[in-house]
Amino acid sequence: MKIVTKFAMFCIRSWVRFMFKPKAYFVDKKVQTNHLKKPCVIIANHTSTKDALFLMTVLKGKKNVIVAKDWYEKKEFHWILAGEGTIPCDRFNLDTEWIQLARKNLEAGKSVIIFPEGKTRQDGELNEFKSGFAFLARYTGCPVVSIGIDGIYKFSHRTRYIVDVPEQVVRTKGVPSSKDLADKSEYFRLKCKALKQKVLEMK
């Protein structure tokens, strides 16, 4: 089954590269690489269900993605999502288990991809960011990498994205306050929004 899953993901990644011809931009020329050598919390805006496959294709290095538990449990997707090592998160109820699974991944040297909006939005705005990613960064001390995706997945269009420099979040002792997490979440939401707008304006 593992071989089947790997082959399926190879086909999916090949399809993403062929269909959308990803084009990368970088905020800082000193870090013009998609290879994530150190574990980090990767966040991005969420305009399409294709976003997760897109980032898993274009970003190099060891990484896992947080997926909605209701999608993870669907029979038609479960076999490949489980085989690829994705981490399910219950977006409708209080769920802390995914935090522990994500922490173990980070400690094992894997980066974690999160879409903090929790759902897609196509009107150009970004939904409120859920604070789980901020708590994870505070909890582990891993840097946050913000990404803006143009969100246009058409055969005639090169889907573009821009990668910001890793931003260190100070590790806290104990539980960070809800205000601190809310402030951090809004800070990174505005950053991702600006990155998305920036990449939309690029040619």
Side-chain angles (χ1 to χ4, degrees), residues 24-34 36-48 51-52 54-56 58-59 61 63-68 87 89-92 94-96 98-103 105-107 110-151 160-202:
Y25 297 92
F26 299 88
V27 170
D28 192 330
K29 294 181 179 180
K30 295 179 181 179
V31 288
Q32 288 193 6
T33 176
N34 283 337
L36 305 170
K37 295 181 179 180
K38 295 182 179 180
C40 52
V41 178
I42 304 165
I43 61 171
N45 57 293
H46 202 15
T47 59
S48 168
D51 291 332
F54 182 78
L55 288 188
M56 291 187 74
V58 300
L59 298 178
K63 59 197 176 303
N64 278 339
V65 63
I66 307 298
V67 299
I87 301 171
C89 174
D90 188 342
R91 54 182 173 167
F92 302 115
L94 180 63
D95 181 11
T96 58
W98 76 269
I99 291 281
Q100 298 304 324
L101 292 172
R103 176 183 62 81
N105 274 266
L106 291 165
E107 290 177 348
K110 294 182 179 181
S111 293
V112 175
I113 300 171
I114 303 175
F115 297 96
E117 292 175 85
K119 57 184 178 180
T120 59
R121 183 166 179 171
Q122 293 86 24
D123 64 356
E125 295 297 321
L126 270 67
N127 292 308
E128 179 182 353
F129 272 21
K130 299 181 185 298
S131 62
F133 81 94
F135 179 84
L136 184 63
R138 285 285 200 207
Y139 185 34
T140 62
C142 289
V144 176
V145 174
S146 302
I147 294 178
I149 309 172
D150 72 10
R160 295 165 296 173
Y161 64 104
I162 185 167
V163 183
D164 201 357
V165 296
E167 184 166 341
Q168 195 68 46
V169 176
V170 178
R171 188 171 188 173
T172 58
K173 294 181 179 179
V175 180
S177 69
S178 57
K179 183 180 185 306
D180 173 72
L181 293 177
D183 289 345
K184 276 296 177 188
S185 297
E186 180 61 10
Y187 167 79
F188 280 106
R189 187 188 74 85
L190 293 175
K191 173 171 281 194
C192 284
K193 182 179 180 180
L195 289 171
K196 178 186 177 182
Q197 185 59 40
K198 186 174 184 177
V199 79
L200 283 170
E201 295 169 356
M202 290 178 168

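In this chain, residues are counted from 1 in sequence order.
Taking all atoms of both residues into account, the shortest heavy-atom contact from K196 to I149 is CG-O, 3.5 Å. Of all heavy-atom pairs spanning K191 and S146, the tightest one is CD-OG, 3.4 Å. Closest approach of G118 to K130, counting heavy atoms only: CA-CE, 4.2 Å. Considering all non-hydrogen atoms of both residues, E117 and N127 come closest at OE1-N, 2.7 Å. Taking every heavy atom of both residues into account, I42 and S111 meet most closely at CD1-CB, 3.9 Å. Listed here is the closest heavy atom pair of R138 and L181: CG-CD2, 4.4 Å.
Note that the CD1 atom of I43 and the CG atom of D164 stand 9.5 Å from one another [nearest 0.5 Å]. For the atom pair Y161 OH and L59 CG, the distance stands at 6.0 Å (nearest 0.5 Å). Of the inter-residue distances, the one linking L126 atom CG with R121 atom CZ reads 7.5 Å to the nearest 0.5 angstrom. Note that the SG atom of C192 and the NE2 atom of H46 stand 12.5 Å from one another [nearest 0.5 Å]. Rounded to the nearest 0.5 Å, atoms CD1 (I66) and CG (L136) are 7.5 Å apart.
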- List the steps, then state whether side-chain contact (heavy atoms from CB on, under 4.5 Å) holds for I162 with V27. CA-CA 7 Å; I162 185 167; V27 170; 4.0 Å; yes

- Item | side-chain contact (heavy atoms from CB on, under 4.5 Å) between F54 and S48, worked out | CA-CA 10 Å; F54 182 78; S48 168; over 6 Å; no

- Task: Output, in order, the C-alpha distance, side-chain angles, deciding distance and verdict of side-chain contact (heavy atoms from CB on, under 4.5 Å) for F115 and V65.
- Result: CA-CA 9 Å; F115 297 96; V65 63; 4.2 Å; yes

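Under a 4.0 Å N-O distance rule, the pair D180/K184 does not qualify as a salt bridge. With respect to K198 and E201, no salt bridge is recorded, no charged nitrogen being found less than 4.0 Å from a carboxylate O.
Side chains of S185 and F133 form a contact here, defined as non-hydrogen atoms less than 4.5 Å apart. Side-chain contact between V41 and F188 is absent, with no heavy atoms from C-beta onward closer than 4.5 Å. Looking at heavy atoms from C-beta onward, I147 lies in side-chain contact with L55 at the 4.5 angstrom threshold. Side-chain contact between E186 and E128 is absent, with no heavy-atom pair separated by less than 4.5 Å. The closest side-chain heavy-atom distance from N64 to L101 is not below 4.5 Å. The side-chain heavy atoms of Q168 and P143, taken from C-beta on, include a pair separated by under 4.5 Å. By the 4.5 Å heavy-atom criterion applied to side chains, N45 and L195 are not counted as neighbours.
More than 12 heavy atoms of other residues, nucleotides or ligands lie within 6.0 Å of NZ in K63, so this atom counts as buried by the packing criterion. Q100 CD: more than 12 foreign heavy atoms inside a 6.0 Å radius.
In terms of the side chain to side chain donor-acceptor pair (under 3.5 Å) criterion, residue partners of T120 (sequence neighbours excluded) are, by chain and number, Q122.
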